[in-house]
Visitor: 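Okay, here's the structure, questions in a sec.
What's counted below: heavy atoms across the whole structure, side chains too, no hydrogens, waters or symmetry copies.
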Amino acid sequence: MREVKFRGRSGKAYSFVRMAPNAPWAREAGVALFAAQGPFGWRVVRLTTLRGRLHDVQPIWAWADAERYGARTVFVMRELDPHDRATALADLEAGLNPVLEQAQTELAIAA
């Protein structure tokens, strides 16, 4: 496992660990970042919250959605506090401009 830092809009650097897609990363509490390797580094496809629940399928569906847009790599930032997790997710989305944004994909699922 290798640490990678991604910066949010605020300029804060968040530490992520690269995980194997078939590892039990969806059980963690934190933020998952799905990315594709591009010519100039990582292209962030989607971010999602990880609630640390044993059988939570939301992150798995988010990963499947991101794979359709080219994501092949999973990064996880561990964060137990739900408020800090939500703050980090919002900061990262604003700074990284992912292909799929959290609010848009949640609305599509709800429809």
Side-chain angles (χ1 to χ4, degrees):
M1 291 191 285
R2 199 173 112 205
E3 183 183 43
V4 178
K5 294 192 185 247
F6 290 94
R7 289 193 184 274
R9 174 175 266 175
S10 69
K12 180 178 179 181
Y14 298 90
S15 294
F16 284 79
V17 175
R18 187 174 180 172
M19 308 284 282
N22 60 350
W25 55 266
R27 297 178 184 176
E28 300 282 345
V31 174
L33 184 149
F34 309 125
Q37 183 73 53
F40 302 106
W42 294 107
R43 180 176 58 95
V44 177
V45 177
R46 182 166 181 192
L47 292 122
T48 193
T49 189
L50 300 173
R51 295 177 286 192
R53 296 183 183 155
L54 186 58
H55 298 292
D56 192 1
V57 296
Q58 292 288 94
I60 302 303
W61 284 108
W63 168 240
D65 199 24
E67 278 187 302
R68 291 185 346 197
Y69 289 86
R72 298 291 177 261
T73 308
V74 177
F75 294 97
V76 172
M77 178 191 80
R78 292 177 177 93
E79 178 55 65
L80 296 176
D81 183 84
H83 179 265
D84 291 346
R85 202 166 44 227
T87 302
L89 181 68
D91 187 31
L92 286 161
E93 274 199 334
L96 296 172
N97 200 17
V99 174
L100 300 170
E101 289 187 21
Q102 187 78 6
Q104 290 175 347
T105 52
E106 284 178 354
L107 289 174
I109 291 170

Visitor: Heavy atoms, side chains only, cut-off 4.5 Å: are R85 and V31 in contact?
Guide: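 Yes, at least one pair of side-chain atoms sits under 4.5 Å.
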Visitor: Nearest 0.5 Å please: distance from the OG1 atom of T87 over to the NZ atom of K12.
Guide: 9.0 Å
Visitor: Tell me every residue that passes side-chain hydrogen bond (donor to acceptor under 3.5 Å, both in side chains) with N97, counting only those two or more places apart in sequence or in another chain.
Guide: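 With neighbours one apart ignored, the set is empty.
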Visitor: Could you pull out all residues at least two apart from K5 that satisfy side-chain hydrogen bond (donor to acceptor under 3.5 Å, both in side chains)?
Guide: S15
Visitor: Among D56, V76, V17, exactly one meets side chain to side chain contact (heavy atoms under 4.5 Å, CB included) together with E28. Which residue is that?
Guide: V76
Visitor: Any side-chain heavy atom of M77 within less than 4.5 Å of one from L33?
Guide: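 No; the side chains remain at least 4.5 Å from each other.
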Visitor: What residues form a ring pair (Phe, Tyr, Trp, His ring centres under 6.0 Å) with F16, not counting sequence neighbours?
Guide: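 Partners of F16 under the ring pair (Phe, Tyr, Trp, His ring centres under 6.0 Å) test: F6.
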Visitor: Can you confirm whether F34 sits close enough to L47 that some side-chain heavy atom of one is under 4.5 Å from a side-chain heavy atom of the other?
Guide: no
Visitor: Run the side-chain hydrogen bond (donor to acceptor under 3.5 Å, both in side chains) test against R72 and tell me which residues pass, sequence neighbours left out.
Guide: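 With sequence neighbours excluded, R72 shows a side-chain hydrogen bond (donor to acceptor under 3.5 Å, both in side chains) to no residue whatsoever.
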Visitor: Do I60 and W25 come within less than 4.5 Å of each other through their side chains, counting heavy atoms only?
Guide: yes
Visitor: Can you give me the closest heavy-atom contact between A29 and L80, atom names plus distance?
Guide: CB-CD2, 3.8 Å
Visitor: Ignoring hydrogens, what is the shortest heavy-atom contact between P21 and V74? Give both atom names and the distance.
Guide: CA-CG2, 4.1 Å
Visitor: Which heavy atom of A36 sits nearest a heavy atom of V45, and at what distance?
Guide: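 Distance-wise, the nearest heavy atoms are N-CG2, 4.3 Å.
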Visitor: Between atom CG of L50 and atom CG of L89, what is the distance when rounded to the nearest 0.5 Å?
Guide: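 Rounded to the nearest 0.5 Å, the CG-CG separation comes to 9.5 Å.
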Visitor: Looking at D65 and R46, does any basic side-chain N land under 4.0 Å from a carboxylate oxygen?
Guide: yes
Visitor: Once side-chain hydrogen bond (donor to acceptor under 3.5 Å, both in side chains) is applied, do any residues pair with E79, and if so which ones, sequence neighbours excluded?
Guide: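 For E79, no residue satisfies side-chain hydrogen bond (donor to acceptor under 3.5 Å, both in side chains) once neighbours in sequence are set aside.
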Visitor: According to salt bridge (Lys or Arg N to Asp or Glu O under 4.0 Å), who are the partners of R7, at least two apart in sequence or on a separate chain?
Guide: none
Visitor: Crowded around L54 CG? As in, over 12 foreign heavy atoms under 6.0 Å?
Guide: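 Enclosed: over 12 neighbouring heavy atoms sit under 6.0 Å from CG of L54.
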Visitor: Nearest 0.5 angstrom please: F75 CZ to R2 CZ, how far?
Guide: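 One finds 7.0 Å between CZ of F75 and CZ of R2.
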Visitor: Is the closest side-chain heavy-atom distance between T73 and R18 below 4.5 Å?
Guide: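 Yes, at least one pair of side-chain atoms sits under 4.5 Å.
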